[in-house]
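The structure under discussion appears below in the form of structure tokens.
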Amino acid sequence: GVAISTYAKYCYNKLQKAALTGAKKGLKKPNIEEIRHAKNAVFNPSMFGSSLQDIIAMQKERYPDRQLPWVQTRLSEEVLALNGDQTEGIFRVPGDIDEVNALKLQVDQWKIPTGLEDPHVPASLLKLWYRELEEPLIPHEFYEQCISHYENPEAAIAVVHSLPRINKMVLCYLIRFLQVFVQPANVAVTKMDVNNLAMVMAPNCLRCQSDDPRIIFENTRKEMSFIRVLIQHLDTSFMEGVL
């Protein structure tokens with residue numbers, strides 16, 4: 001017994017988002033399990049495409065003491081458990097799309113991933129989770145500050161510390177995670193230095209709202225530089241042990 005208005009509101013929100021961001025990428029048709037999952041999503045909201053606040057609220061019953069989204073920490077741990085920091089092209093090379101989709105369904109049902117062998121799969125899903133957040137990880141109202149201070153470490157770090165608490169925590173966890181990968185011994189194997197990591201991660205943290213191709217092109221460089229500065233200069237030691 002769910003009110004029709006509940007379905008209507010859910011569908012309206014999804015359609016409104018699709019109108020703004022476009023339909024999901026991918027040429028393959030959804031399988032039966034994905035269709036069933038979508039039908040049940042009104043009862044079991046997804047951790048993908050939701051806001052950070054909603055995700056924390058969703059996990060409150062299972063993980064009342066967690067400060068960070070379970071999906072973020074779980075997938076990050078999985079990348080490292082599969083030696084992602086010793087895998088060439090990590091975060092650049094996409095994981096098998098069917099395996100990524102299967103993992104997404106598992107994670108959305110709060111299941112600990114099993115049987116994974118390829119670190120590119122959780123790495124791809126982790127990027128997707130950041131990219132699909134309802135609001136960008138760095139909220140729109142901070143965007144101009146970010147691209148204004150893309151070469152100034154002190155000012156860039158000040159922007160991070162001015163973010164809403166949940167955004168700051170999630171971003172600092174991500175940066176601390178990426179700082180593992182920029183260790184010279186890891187870069188020698190992954191071929192993913194700080195510039196490459198900033199290039200693949202910036203679009204998952206910042207979203208330019210302009211429709212002008214020139215502005216988008218110019219800002220892309222600044223977005224990358226901002227994330228690079230954070231990886232190089234942000235002190236994330238306070239995040240040690242935080243989950």
Side-chain angles (χ1 to χ4, degrees), residues 52 67-69 71-94 119-120 122-133 136-140 142-208 218-243:
L52 289 175
Q67 300 181 61
L68 294 164
V71 58
Q72 177 192 28
T73 58
R74 181 65 255 179
L75 289 173
S76 300
E77 289 163 359
E78 204 64 38
V79 172
L80 293 178
L82 294 171
N83 297 316
D85 58 350
Q86 294 291 299
T87 302
E88 185 171 339
I90 193 70
F91 297 116
R92 177 181 57 77
V93 175
H120 294 303
S124 293
L125 188 58
L126 184 60
K127 281 169 56 182
L128 180 72
W129 179 76
Y130 287 115
R131 189 166 65 250
E132 286 196 343
L133 283 172
L137 180 51
I138 299 176
H140 292 304
F142 296 88
Y143 182 84
E144 290 300 326
Q145 293 179 54
C146 293
I147 61 169
S148 297
H149 302 311
Y150 68 96
E151 289 182 318
N152 184 334
E154 194 175 313
I157 290 167
V159 174
V160 173
H161 288 294
S162 70
L163 296 176
R165 185 177 185 276
I166 182 61
N167 297 76
K168 173 187 166 183
M169 295 288 285
V170 170
L171 177 61
C172 287
Y173 183 93
L174 169 60
I175 297 300
R176 185 171 178 79
F177 180 60
L178 295 177
Q179 287 169 343
V180 171
F181 293 84
V182 297
Q183 300 303 314
N186 292 336
V187 174
V189 181
T190 66
K191 309 294 191 287
M192 294 294 289
D193 63 13
V194 68
N195 294 312
N196 293 330
L197 287 169
M199 183 188 303
V200 296
M201 283 299 180
N204 304 316
C205 301
L206 291 152
R207 293 181 205 161
C208 180
E218 178 62 24
N219 284 6
T220 296
R221 180 178 60 85
K222 296 176 181 177
E223 292 167 9
M224 286 164 42
S225 181
F226 180 79
I227 297 300
R228 183 177 66 240
V229 162
L230 295 186
I231 295 172
Q232 291 174 320
H233 298 283
L234 182 64
D235 179 3
T236 58
S237 58
F238 73 97
M239 291 296 295
E240 185 172 356
V242 176
L243 287 175

Quick one: are [X] and [Y] in side-chain contact, heavy atoms under 4.5 Å?
X: Met239; Y: Leu68; value: yes
X: Val170; Y: Leu174; value: no
X: Gln67; Y: Thr73; value: no
X: Val229; Y: Tyr150; value: no
X: Val242; Y: Tyr173; value: no
X: Pro203; Y: Glu223; value: no

- Please assess Glu240 against Arg176 for the test side-chain contact (heavy atoms from CB on, under 4.5 Å), listing each intermediate value before the final yes or no. CA-CA 9 Å; Glu240 185 172 356; Arg176 185 171 178 79; 3.6 Å; yes
- Note on the structure: Residue set satisfying salt bridge (charged side-chain N to carboxylate O under 4.0 Å, His left out) with Arg92, at least two apart, ordered chain then number -> none
Could you pull out the closest heavy-atom pair between [X] and [Y], with the gap in Å?
X: Cys208; Y: Asn219; answer: SG-ND2, 3.8 Å
X: Glu88; Y: His120; answer: O-CE1, 3.5 Å
X: Ala185; Y: Gln86; answer: O-NE2, 4.2 Å
X: Cys146; Y: Val159; answer: SG-CG1, 3.9 Å
X: Val93; Y: Ser124; answer: O-OG, 4.2 Å
X: Leu126; Y: Ser76; answer: CD2-OG, 3.6 Å

- Message: Please determine whether side-chain contact (heavy atoms from CB on, under 4.5 Å) holds for the pair Glu144 and Ile147, giving the CA-CA distance in whole Å, both sets of side-chain angles, and the decisive distance to 0.1 Å.
- Response: CA-CA 5 Å; Glu144 290 300 326; Ile147 61 169; 3.6 Å; yes
By side-chain contact (heavy atoms from CB on, under 4.5 Å), which residues pair with [X], not counting sequence neighbours?
X: Val71; answer: Met47, Phe48, Pro69, Leu75, Val107, Trp129
X: Ser148; answer: none
X: Pro119; answer: Leu82, Thr87, Ile90
X: Leu80; answer: Asp85, Phe177, Val180, Phe181

- Task: Using modelled atom types only, decide if a donor and an acceptor are shared between the side chain of Arg207 and the backbone of Ile138 within a distance under 3.5 Å.
- Result: no
- Any sub-3.5 Å donor-acceptor pair from Lys127's side-chain atoms to Asn204's backbone N or O?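 No, because the side chain of Lys127 does not come within donor-acceptor range (under 3.5 Å) of the backbone of Asn204.
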Could you work out, with side-chain hydrogen bond (donor to acceptor under 3.5 Å, both in side chains) as the rule, every residue matching [X], not counting sequence neighbours?
X: Glu218; answer: Arg221
X: Asn167; answer: none
X: Tyr130; answer: Gln72
X: Gln145; answer: none

- Cation over ring, Lys168 on Phe238, under 6.0 Å and within 45°? yes
Please report, to 0.1 Å, the donor-acceptor pairs under 3.5 Å made by any side chain of residues 190-197, with sequence neighbours excluded.
residue	atom	partner	partner atom	Å
Thr190	OG1	Asn186	O	3.2
Thr190	OG1	Met192	N	3.1
Lys191	NZ	Ala188	O	3.1
Asp193	OD1	Asn195	N	3.1
Asp193	OD1	Asn196	N	2.9
Asp193	OD1	Asn196	ND2	3.3
Asn195	OD1	Arg228	NH1	3.4
Asn196	ND2	Lys191	O	3.0

